[in-house]
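Below you'll find the structure, written out as structure tokens, and then a few comments.
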Amino acid sequence: MSTDLRTPKSILVTGGAGFIGSAFIRLLFRDKSFTGRVTNLDALTYAGNLENLAGHVDESRYTFVKADLRDMKAVEAAVEAHAIDCIVHFAAESHVDRSIHGPRDFIETNVLGTFNLLEAVRARPAIHFHHVSTDEVYGSLGDTGLFTESTPYDPRSPYSSSKAASDHLVSAYHHTYGLSTTLSNCSNNYGPHHFPEKLIPLMILNCFEGKPLPIYGDGGNVRDWLYVDDHAEAVWLVVRRGRSGQSYNVGGKCEKKNVEVVHALIDTVARLTQRPRADFEKLITYVKDRPGHDRRYAIDCSKIERELGWAPRHDFTRGLADTVRWYLDNPKWIANVKSGAYRTWLDQNYAGR
Ligand code: NAD
Ligand code: TDX
């Protein structure tokens with residue numbers, strides 16, 4: 001099996017207050033073999049929440065920098081001040097529906113933000129740059145087939161096209177300027193701390209509150225689900241052992257139709273709250289489809305398995321139960337994220353759908 005190619009001492013994590021970035025930082029501080037420093041650069045948009053890290057970092061090795069990736073000077077300052085030798089780039093606008101309602105932030109943060117980071121690395125080529133991306137850049141599959149690392153890019157939403165643009169920039173900076181880069185393209189994540197605008201946490205919270213469970217279209221769209229900690233482990237492996245210039249697909253080998261996911265969630269919520277399934281089944285509401293809704297995503301992750309020895313460790317049933325339990329145990333977190341701008345957006349965009 002492969003050995004470490006890099007042993008970062010001072011990592012800049014972007015978007016470390018978000019869902020997956022925070023899981024990655026929690027993993028770094030659980031990993032006894034990592035003794036370096038972590039600088040978390042995050043703009044704290046509606047999706048960023050420092051509570052996701054409370055109690056999980058070693059303060060003597062951790063710094064939070066509130067900064068916007070669109071601000072080149074702020075990016076330069078953070079990289080310079082903390083003698084960064086590795087950047088792990090999670091920060092992005094990440095919600096497809098929001099990208100349909102308002103694409104500008106997606107282009108600015110996902111494309112320009114990545115460009116600014118790459119420029120900072122171009123000026124300091126000893127830094128390794130890892131870019132966290134998505135399987136959505138490959139477009140939509142029919143009933144069969146899997147995305148491999150050589151599947152041509154065919155993004156369909158403003159979100160996925162902004163991620164595809166940023167992936168191409170990373171590749172260009174590797175080939176043109178010789179930067180040390182790695183890239184990972186992952187399938188749909190789920191787990192604790194997931195912002196409740198995405199399918200799984202939205203459905204969990206709406207079950208708790210007795211609100212409609214909005215299924216887009218016929219509910220037959222397929223996603224490949226991966227527990228967030230498995231993704232964090234994959235990223236950490238690629239950062240240390242991935243070959244420069246390579247991309248690695250990461251997936252859960254867990255394809256499910258949306259309607260199956262909702263039924264599995266209802267089972268789990270009913271079991272854990274000891275309430276009848278019928279209380280939740282009656283909330284299912286079929287609504288207007290998402291424009292340009294990709295039909296099916298499915299990942300071939302044999303390259304990262306073969307080269308780096310990674311495999312998903314959480315099965316879906318256990319992962320869902322852990323997730324629902326976490327939301328049941330964290331009403332304060334829920335109240336916090338449901339205040340302010342998030343609430344307004346939800347009311348405006350989901351009401352009546
Ligand atoms: P998220 O929306 O939960 O978090 C994004 C974080 O980035 C937030 O903390 C936010 O404050 C920060 N951020 C946004 N704009 C910023 C800016 N301009 N400057 C600095 N910080 C900014 O996202 P997530 O679900 O944790 O996704 C993280 C990464 O993983 C993204 O790049 C996303 O494309 C990718 N990804 C996500 C999934 C998924 O299922 N969620 C799957 C595959 C890949
Ligand atoms: O209310 C809903 N009803 C519904 O049917 C929502 C929010 C979603 N859906 C459907 C749309 C998708 O087919 O569920 C599926 C999953 O939707 P999202 O949770 O919005 O995720 P998706 O659009 O698949 O994108 C996610 O996975 C890839 C992340 O948000 C991206 O950041 C990641 O790159």
Side-chain angles (χ1 to χ4, degrees), residues 13-24 40-50 52-53 65-71 74-75 78 88-100 105-106 108-110 112-114 116-117 131-137 140 155 157 159-160 162-163 166-167 184-191 193-203 206 212-226 228 231-232 235 250-252 256-259 261-262 284-290 293-297 299 337 346 349-350 353:
V13 177
T14 72
F19 168 48
I20 308 173
S22 68
F24 181 71
N40 174 15
L41 184 155
D42 198 298
L44 298 182
T45 68
Y46 79 94
N49 183 351
L50 288 174
N52 292 339
L53 294 165
V65 176
K66 185 172 186 311
D68 193 316
L69 285 179
R70 293 173 286 192
D71 176 352
V75 169
V88 186
H89 178 33
F90 290 93
E93 288 292 339
S94 68
H95 188 37
V96 174
D97 291 330
R98 282 181 191 257
S99 84
I100 295 166
D105 284 348
F106 288 72
E108 290 182 357
T109 285
N110 300 0
L112 181 63
T114 304
N116 284 343
L117 284 168
H131 184 59
V132 178
S133 191
T134 170
D135 60 357
E136 302 199 12
V137 297
S140 182
S157 71
Y159 163 70
S160 56
S162 69
K163 292 297 291 185
S166 63
D167 291 12
S184 49
N185 294 88
C186 189
S187 63
N188 285 59
N189 285 212
Y190 70 99
H193 305 270
H194 202 180
F195 196 85
E197 63 187 352
K198 311 279 170 65
L199 178 74
I200 287 184
L202 180 80
M203 295 292 170
N206 284 11
L213 307 179
I215 298 181
Y216 298 167
D218 66 0
N221 301 68
V222 173
R223 298 293 182 264
D224 172 2
W225 293 96
L226 179 69
V228 64
H231 184 190
V235 168
V250 182
K256 303 233 174 277
K257 290 184 176 160
N258 292 337
V259 68
V261 171
V262 173
I284 290 179
T285 312
Y286 285 87
V287 298
K288 197 164 143 263
D289 209 353
R290 171 186 282 175
H293 196 176
D294 288 337
R295 190 65 181 171
R296 175 171 166 261
Y297 304 143
I299 279 271
V337 299
L346 254 196
N349 293 290
Y350 283 93
R353 283 227 269 163

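In what follows, every heavy atom counts, from backbone to side chain, and hydrogens, waters and symmetry copies are set aside. Just follow the structure's listing: the first ligand is 1, and inside any ligand the first atom is 1.
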Do any N/O atoms on [X] end up under 3.5 angstrom from N/O atoms on ligand 1?
X    : value
K163 : yes
S94  : yes
H194 : no
L41  : no
C186 : no
S133 : no

Original post:
Does the side chain of N185 come within less than 4.5 Å of D167's, by heavy atoms?
Top reply: yes
Original post:
Counting only heavy atoms, which portion of F24 has something under 4.0 Å from ligand 1: side chain, backbone, both, or neither?
Top reply: neither
Original post:
How does L44 reach ligand 1, by side chain, by backbone, by both or by neither, if only non-hydrogen atoms under 4.0 Å count?
Top reply: backbone
Original post:
Which of the atoms of ligand 1 are close to S187, meaning less than 4.0 Å from one of its heavy atoms?
Top reply: 42 (C), 43 (C)
**OP:** May I ask you to list the atoms of ligand 1 that are less than 4.0 angstrom from any heavy atom of V132?
**Re:** 30 (O), 32 (O)
Original post:
ligand 2 and R290, any nitrogen or oxygen pair closer than 3.5 angstrom?
Top reply: yes
Original post:
What part of K198 sits under 4.0 Å from ligand 2 if we count only heavy atoms: the side chain, the backbone, both or neither?
Top reply: both
Subject >> Per-residue contact class, I200 against ligand 2 - non-hydrogen pairs under 4.0 Å >> reply: neither
**OP:** Please work out which of I200, D68, N185, V228 has its closest non-hydrogen atom nearest to atom 18 (N) of ligand 1.
**Re:** D68
Original post:
So which of D42, L69, L117, I20 gets nearest to atom 19 (N) of ligand 1, if we judge by its closest heavy atom?
Top reply: L69
Subject >> Partners meeting side chain to side chain contact (heavy atoms under 4.5 Å, CB included) with N188 (sequence neighbours left out) >> reply: R223, W225, Y297
**OP:** Kindly write out the residues that satisfy ring pair (Phe, Tyr, Trp, His ring centres under 6.0 Å) with H194, not counting sequence neighbours, or none if the list is empty.
**Re:** F19
Subject >> Contact check, H293 vs ligand 2, heavy-atom distance below 4.0 Å >> reply: yes
**OP:** For a side chain to side chain donor-acceptor pair (under 3.5 Å) with N110, tell me which candidate from S99, S133, S162 qualifies.
**Re:** S162
**OP:** Could you tell me whether R290 and D97 make a salt bridge, using a distance below 4.0 angstrom between a side-chain N and a carboxylate O?
**Re:** yes
